[in-house]
There are 4 protein chains.
Amino acid sequence: MARGRKVNSNGEKSKQLLREKAIELFSTNGYYQTKISDIVKAAKVTQPTFYLYFESKDSLFHDLNEQFQQDLFHILEEQLQQQGMQFQKVIENLLQYFASNPLLTKIGLYQSEASYTVKEKLVEKFEQILDGQVENYHNLQRNDIHIVSQSLMGSIERITDTLLLTNRKSAKELAEDLFSIYFVEEAESVVVS
Amino acid sequence: MARGRKVNSNGEKSKQLLREKAIELFSTNGYYQTKISDIVKAAKVTQPTFYLYFESKDSLFHDLNEQFQQDLFHILEEQLQQQGMQFQKVIENLLQYFASNPLLTKIGLYQSEASYTVKEKLVEKFEQILDGQVENYHNLQRNDIHIVSQSLMGSIERITDTLLLTNRKSAKELAEDLFSIYFVEEAESVVVS
Amino acid sequence: MARGRKVNSNGEKSKQLLREKAIELFSTNGYYQTKISDIVKAAKVTQPTFYLYFESKDSLFHDLNEQFQQDLFHILEEQLQQQGMQFQKVIENLLQYFASNPLLTKIGLYQSEASYTVKEKLVEKFEQILDGQVENYHNLQRNDIHIVSQSLMGSIERITDTLLLTNRKSAKELAEDLFSIYFVEEAESVVVS
Amino acid sequence: MARGRKVNSNGEKSKQLLREKAIELFSTNGYYQTKISDIVKAAKVTQPTFYLYFESKDSLFHDLNEQFQQDLFHILEEQLQQQGMQFQKVIENLLQYFASNPLLTKIGLYQSEASYTVKEKLVEKFEQILDGQVENYHNLQRNDIHIVSQSLMGSIERITDTLLLTNRKSAKELAEDLFSIYFVEEAESVVVS
DNA sequence: GATGAATGAGTGTTCATTCAT
DNA sequence: AATGAATGAACACTCATTCAT
């Protein structure tokens, strides 16, 4: 019966809470199996309150993906400007971001259709980096770069899901593991020859 | 339109058509965005006809995944019994199956929640194989096997989606590529030493 | 695939079988919870066969009720023509019919909307009989006849359902019981006075 | 029509209205012939509004029966605790409740499958009462109690439907009538003897 | 006489979204 | 800032019935 503003209520707080609950639910149940009614129930507000802060279910989901992507490319941009930053370190920082934002990562990397674009862009970045460092990985032929980048993207994707976000391995360990799979052997064989 | 049997109608054909259209739609739009009404429209029959051949939307989707999984493990089982079958060949045949069944693969590998289990099982198979062949890949330490298998799974997943199912590369080429990334260098360095 | 007449098939037999199964199902599950598909499944024929012999679900149900009513009133008519037939015997014969046709009785007396009419007509008959025999039941005042008939109808209805059709008591016993409830005591008190 | 809240709308009123219309329709047309669409049309709201207040068609129907049963047994319990309450008065109060709640009675006593249980329980109550009062009805032999109770149940059932709910006779009159049929004669014969 | 195949017309239910307070 | 109340637009599924063979 009683309507209107709740005591102690605060717009920004409600919006933040709704966002958090939405992230939790989207990340575990996916877009279609997350209902507005679930989100508002979790945030202990009513449905119209949701529309006070977000345009629609779709737009909120879109915003979350947008943020994930911006975070991601902000990190990458930052690193590519640091001269001499090693590829392994780049990957580690990427994984570090995933580990620090597991729920958003689940959404942006697995639940969303926008993830296709994200991954494509990541692959491009990888190609750029590798392209500039072929001399460091001299068994890497120029025409391999694309497939290596794609393969690496897949590895990161899977390893993040099964080992990083499940807290079985750290970002640092996984970056090392990936590098020993993808690039290190060469160094050894160089040593041998 | 009049009720009853259509001229020249044939049950098996209708069922097959519905299945095909369902596969097409599920594979491109996913489970939730594929409506029964879409499927029957594509097959040019009415909704009740769908239920003449399938129990429910869910059960059809489930059946498609079931088939994908059985095909997959049938192939793997068959190969593991052939003594001396190389890992690369196993991967190639796997990719070959994906290439021959692109739509079912999209469903079983990307659209379905059951895909988690499928991939887990594939990883296990990879581990078994690698476990029995450590000597062949002697830079592969025993405790690496799990992470290599996971990484490989991710690579296959991604490469299948972006290069194989888009007809950019053949199963054979991709299997070779993957092997040169994951295992071959070692062989060379062995030769060198 | 194979269509057309079954070997050993016989129209009248199929019709009879369908009728029987329909009676079974209607009597236990009621009209709305009995589907044509249930009936034909029980009779091991297909749905169009049903329509070969019956116009519709509704018309079959209607026919069954029709038969029940005709049987019933045939019995009553017959008895009313036999001079000197006691009311108790009439009731006994009625119950006897119910006991001999338990399923049809369930339909005609409890499952059908037509049962309202049947019961009304039965009540009328009872009134007629009692009206002609007031002198035999001299504690029965003329203005009681209607209510006694209604009450008796209810008793018969209930007793048939719970004691007769469940084989706990015979038609004869129940007719006696009813009479000792409704009419006999008077005789005793007469004796007493 | 525009979406959202109606002017002067009030939830409890809508729920009550839906309930009432449901009772009206269920009681006259029965469960299967009453569609949600009929109920909401009668209440001048849309289908989703129905689900705002009731879980499902089935659960609403079930709730109505539940209420009928609780009312009924509350009344009976109350009376059995009053020492010296005459059986005739008990029946009268029962009929009184039916007369005051004709639609709910139609549902609970005739339309529902749960009515079987209700009637069984009523019969048991009757048996208990009669069992404690055999001396008052001394032509009533102990082994008659069950059949008398069943018969009485049937009489009540029928008389309620045809005379009470149609406003032809009052609860008081009908209770008297029933008693003069079932028990009174004895009193007279007692006087006589 | 009987069947395989198909459909018209519902029927209960859900969900994102919106209006009035 | 927030809520109570309501709805438009689907959506999966069912059932009696009918046509072509």
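Labels below follow one simple rule: chain letters A, B, ... track the order of the sequence lines, proteins then strands, and each chain is numbered from 1.
Around CD of Glu113(B), the count of heavy atoms belonging to other residues, nucleotides or ligands within 6.0 Å does not exceed 12.
Checking Gln47(C) against Gly4(D), the closest nucleotide of DNA chain E that is more toward the 5' end is the one next to Gln47(C). Of the two residues near DNA chain E, Val7(D) and Lys15(C), the one whose nearest nucleotide lies more 5' is Lys15(C).
Overall, the helix from dA2(E)-dT21(F) to dT21(E)-dA2(F) carries an axis bend of 30° between its ends, with five pairs at each end and the value rounded to 10°.
Between the side chains of Asn65(B) and Ser112(B), a donor-acceptor pair is found at a separation under 3.5 Å. Judged by distance alone, the side chains of Asp58(B) and Tyr31(B) do bring a donor and an acceptor atom under 3.5 Å apart.
With values rounded to the nearest 0.5 angstrom, Tyr51(A) atom OH is found 10.0 Å from Leu60(A) atom CG. The CZ atom of Phe98(D) lies 5.0 Å from the CG atom of Leu109(D); values are rounded to the nearest 0.5 Å. In this structure, CG in Leu104(B) is found 11.5 Å from CZ in Phe26(B), a value given to the nearest 0.5 Å.
We find that NZ of Lys44(C) is positioned 13 Å from P of dT3(E), with the value rounded to whole Å. Nucleotide dT17(F) holds its C1' atom 19 Å from the CZ atom of Phe61(C), rounded to whole Å. A straight line from NZ of Lys41(A) to P of dA16(E) spans 11 Å, rounded to a whole angstrom. In this structure, Arg5(D) atom CZ and dC19(E) atom C1' are separated by 9 Å, rounded to whole Å. Residue Lys6(D) contributes atom NZ, which lies 23 Å from atom P of dT17(E) at whole-angstrom precision. If you take CG of Asn10(B) and P of dA6(E), they are 8 Å apart, rounded to a whole angstrom. Rounded to an integer number of Å, the gap from Glu12(C) CD to dG1(E) P is 10 Å. When the C1' atom of dA9(E) is taken as reference, atom CZ of Arg3(B) falls 8 Å away, rounded to whole Å.
A side-chain donor-acceptor contact under 3.5 Å links Lys35(D) to the backbone of Tyr32(D). In this structure, Lys21(D) contributes its side chain and Gln16(D) its backbone to no donor-acceptor pair below 3.5 Å. Ser27(C) contributes a side-chain N or O that, together with a main-chain N or O of Ile23(C), makes up a donor-acceptor pair within less than 3.5 Å. Although no hydrogens or angles enter the test, the distance criterion places a donor-acceptor pair under 3.5 Å between the side chain of Thr34(B) and the main chain of Leu25(B). Counting only distance, with no hydrogens or angles, the side chain of Tyr53(D) and the backbone of Glu12(D) share no donor-acceptor pair below 3.5 Å.
Within residues 20-40 of chain B, no residue is approached by DNA chain E to less than 4.0 Å at the level of any non-hydrogen atom. Within a heavy-atom distance below 4.0 Å of DNA chain E, the residues of residues 50-58 of chain C found are Leu52(C), Tyr53(C).
Taking the ring centre of Phe50(B) as origin, the terminal cationic atom of Lys15(B) falls outside the region bounded by 6.0 Å and 45° from the ring axis.
Of the side-chain N and O atoms in Thr46(A), none sit less than 4.0 angstrom from OP1 or OP2 of dG4(F). Distances shorter than 4.0 Å separate none of the side-chain N or O atoms of Ser14(B) from OP1 or OP2 on dA5(E).
Here dA5(E) is the nucleotide among dA6(F), dT14(F), dA5(E) with the atom lying nearest to any side-chain atom of Pro48(C).
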